[in-house]
Amino acid sequence: MTDPFFPVWLSLGVALLALVVTAPLGIGLAWFQASRQHRFRGLIDGLVLMPMVLPPSVVGLFLVWIFGRRGVVGHALESVGVRLVFTPWAAAIASGVVALPVLVKAAQPAMEAVPQELILIGRTLGLPPHEVFLRVVLRGAWRGIVTGLMLAFVRAIGEFGATLMFAGNIPGRTNTMPIEIWSAYQGGEESRAFRYVLVLTALGVMTVFVSARLAPSKPRRLG
Amino acid sequence: MKAVEARFRASVSSGGSAFSVEVELELERGVLVLFGPSGSGKTLCLQTLVGSIDADEGQASICGQSVFDVARGSKLATHLRRIGYVPQHHSLFPFCDVTANVVFGLPRAQRQRIPAEINALFEELGIDHLRGSMPESLSGGERQRVALARALAVEPRLLVLDEPFASIDRDGKETLVAMLKALLVRRGLPTLLVTHDPAEARSLGDAVVLFNRGRTVGFGSLDALAGSA
């Protein structure tokens with residue numbers, strides 16, 4: 001019998017790892033899309049949204065095709081002794097892929113809402129582009145970004161379909177909370193499923209509550 | 001050496017419609033007023049000089065240094081141009097108090113330990129009592145004085161004011177115009193001022209360049225305004 005807390009710690013670890021990788025990528029992508037008019041804008045928007053609109057099982061199968069033993073990346077990794085499929089790393093990749101669009105779609109409008117005048121003023125004050133981004137854009141858009149990070153974390157920790165396809169259901173290795181809920185329910189152990197339902201529901205409620213608190217109650221008057 | 005020398009064409013497009021401006025201006029010292037009706041290209045001219053819009057052709061230099069030359073393919077990044085810019089709206093960072101706004105462009109050490117000359121700037125612009133206030137609690141005139149202090153704090157070589165009095169009530173405007181005039185005379189900082197108010201232009205300007213329908217149509221003394229007012 002596996003440790004009942006293992007799925008909790010595994011899910012938290014997987015979601016945190018997914019967020020650590022997704023956060024800089026998602027925030028950078030959101031800023032790239034928010035700050036530039038370029039010909040690939042629509043294409044990138046579409047690609048970012050894909051994991052959100054595709055069924056999780058389809059996303060999982062794509063990941064297997066890419067990172068599996070015969071996949072483009074998986075084959076190369078296998079040749080240096082790294083195997084991702086059916087490991088907690090696979091669960092983190094699956095969680096990160098489905099969390100990315102959630103983060104980008106929350107952060108991008110927040111960044112777009114930072115007035116162009118403020119960005120221009122930052123530049124005229126002698127700030128190089130990276131400092132304008134850190135000190136003007138991130139500070140102006142932090143509510144949207146934090147909300148995006150929280151929603152992405154909850155999406156990552158709740159990921160089921162793609163994780164099952166890509167990481168499998170190996171007790172004591174890849175059985176995250178959503179997978180454990182499914183296993184317990186399949187096995188007629190609803191009380192075992194219930195404790196993970198409780199943890200995930202509490203996380204979801206907390207995220208919704210904090211997100212609502214972060215949203216400005218009235219339009220802010222700009223200086 | 002001229003403070004500003006510019007001859008360029010720039011354009012912007014939005015929602016399928018395009019607007020362009022053809023500019024020819026120079027400023028040796030003092031305040032050059034960019035005067036003309038709304039939509040005549042004054043702000044587009046400033047945005048091109050500041051660096052937020054790329055010129056289609058031509059060149060411009062500030063204090064002898066080229067800021068862009070389309071033919072040579074050279075362009076100085078906005079943060080290296082050393083232009084103090086005060087826009088009409090959204091002039092202050094809403095997430096910083098007045099002090100943090102004024103020192104925003106200074107190096108970290110000076111932001112933490114504010115130099116005496118910056119403290120003097122607070123006094124000079126009459127904003128010393130506002131140090132801890134947030135922008136949303138300030139009047140229009142106070143906001144523009146803070147924006148001016150912030151632009152001056154980084155010691156620009158050119159000051160650019162884009163209708164700085166547009167959102168200020170009449171009393172506040174008169175006070176600010178008088179304060180700005182005294183300050184510019186004291187500092188001798190070359191300035192470009194955009195306005196479509198002849199009274200403002202006469203109070204502050206040393207010379208004027210007239211804009212109409214997307215081009216500069218006249219350049220010279222403020223007497224030129226008499227016919228256009």
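Within every chain, numbering begins at 1; the chains are lettered A, B, ... in the order of the sequence lines, protein sequences first and strands thereafter.
- Separation of atoms CZ (B/Phe95) and CG (A/Leu118) is listed at 6.5 Å; rounding is to 0.5 Å.
- Contact record, B/Thr78 with A/Arg123: CG2-CB, 3.5 Å, taken as the closest heavy-atom pair.
- Counting heavy atoms of neighbouring residues, nucleotides and ligands inside a 6.0 Å radius, atom CD of B/Gln110 exceeds 12 of them.
- Closest of all the heavy-atom pairs between B/Phe104 and A/Arg135 is O-NH2, 2.9 Å.
- Enclosure of atom CZ in A/Arg41 by more than 12 non-hydrogen atoms of other residues, nucleotides or ligands within 6.0 angstrom is indicated.
- Heavy atoms of other residues, nucleotides or ligands lying less than 6.0 angstrom from CZ of B/Arg186 number more than 12.
- Looking at A/Val136, the atoms closer than 4.5 Å to chain B (heavy atoms on both sides) sit in the backbone and in the side chain alike.
- Contact of the B/His89 side chain with the A/Pro115 side chain is not registered, since no non-hydrogen atoms from C-beta on lie closer than 4.5 Å.
- Atom CZ of B/Phe19 has more than 12 heavy atoms from other residues, nucleotides or ligands within 6.0 Å.
- No more than 12 heavy atoms of other residues, nucleotides or ligands lie within 6.0 Å of CZ in B/Arg7, so this atom counts as exposed by the packing criterion.
- At a 4.5 Å heavy-atom cutoff, the contact between B/Ile83 and chain A is made by backbone atoms alone.
- By the 4.5 Å heavy-atom criterion applied to side chains, B/Ser52 and A/Gln116 are not counted as neighbours.
- Applying the 6.0 Å contact sphere to NE2 of A/His38 captures more than 12 heavy atoms from other residues, nucleotides or ligands.
- Within 6.0 Å of CZ in A/Phe6 there are more than 12 heavy atoms belonging to other residues, nucleotides or ligands.
- Contact record, B/Gly105 with A/Leu127: CA-CD1, 4.1 Å, taken as the closest heavy-atom pair.
- In terms of modelled atom types and a separation under 3.5 Å, the side chain of B/Arg82 and the main chain of A/Leu125 share no donor-acceptor contact.
- Of all heavy-atom pairs between B/Phe93 and A/Ile121, the closest is CZ-CG2, 4.0 Å.
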